[in-house]
Amino acid sequence: KPMTIGEWLITFIITYIPIVGIIMLFVWAFSDGNHPSKKTWAQAMLILFAIAIVLGIIFATVIISLIGSMFGAMGSYS
């Protein structure tokens, strides 16, 4: 049977709790006793988190290198 709106609301509220939410995503994604929809959703959320982390690292690296090159260029004019 499909999950009810109340079950989804509780699921979302639990995921909003910082560390507990991430732990619960792993529990829901990899344990066998959960609803198939919740399991698939948790796996998709973990994939999105991984993509966001990789993109964040790339973005931070680019910004830091740009700032470093600007400061390096400032020192060459003196």
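Since this is a predicted model, take the numbers as computed values, not measurements.
- Contact detail for L46 and A29: the closest heavy-atom pair is CD1-CB, 3.7 Å.
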Donor-acceptor list for residues 14-22 side chains, cut-off 3.5 Å, not counting sequence neighbours:
residue : atom : partner : partner atom : Å
T15     : OG1  : T11     : O            : 3.4
T15     : OG1  : F12     : O            : 2.7

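- If you take NZ on K38 and CE on M24, they are separated by 7.0 Å, rounding to the nearest 0.5 Å.
- Residues satisfying the side chain to side chain donor-acceptor pair (under 3.5 Å) test with S31, not counting sequence neighbours, are N34.
- Listed by first and then second residue, the side chain to side chain donor-acceptor pair (under 3.5 Å) pairs that reach into residues 39-62 come to none, sequence neighbours excluded.
- I10 is connected to M3 through a chain of hydrophobic side-chain contacts under 4.5 Å among Ile, Leu, Val, Met, Phe, Trp and Tyr, so both are in one cluster.
- Side-chain contact between F59 and I64: absent, with no pair of heavy atoms (C-beta onward) separated by less than 4.5 Å.
- The distance from atom NE2 of H35 to atom CH2 of W8, rounded to the nearest 0.5 Å, is 8.0 Å.
- With a 6.0 Å radius and a threshold of 12 heavy atoms from other residues, nucleotides or ligands, I5 has its CD1 atom at or below the threshold.
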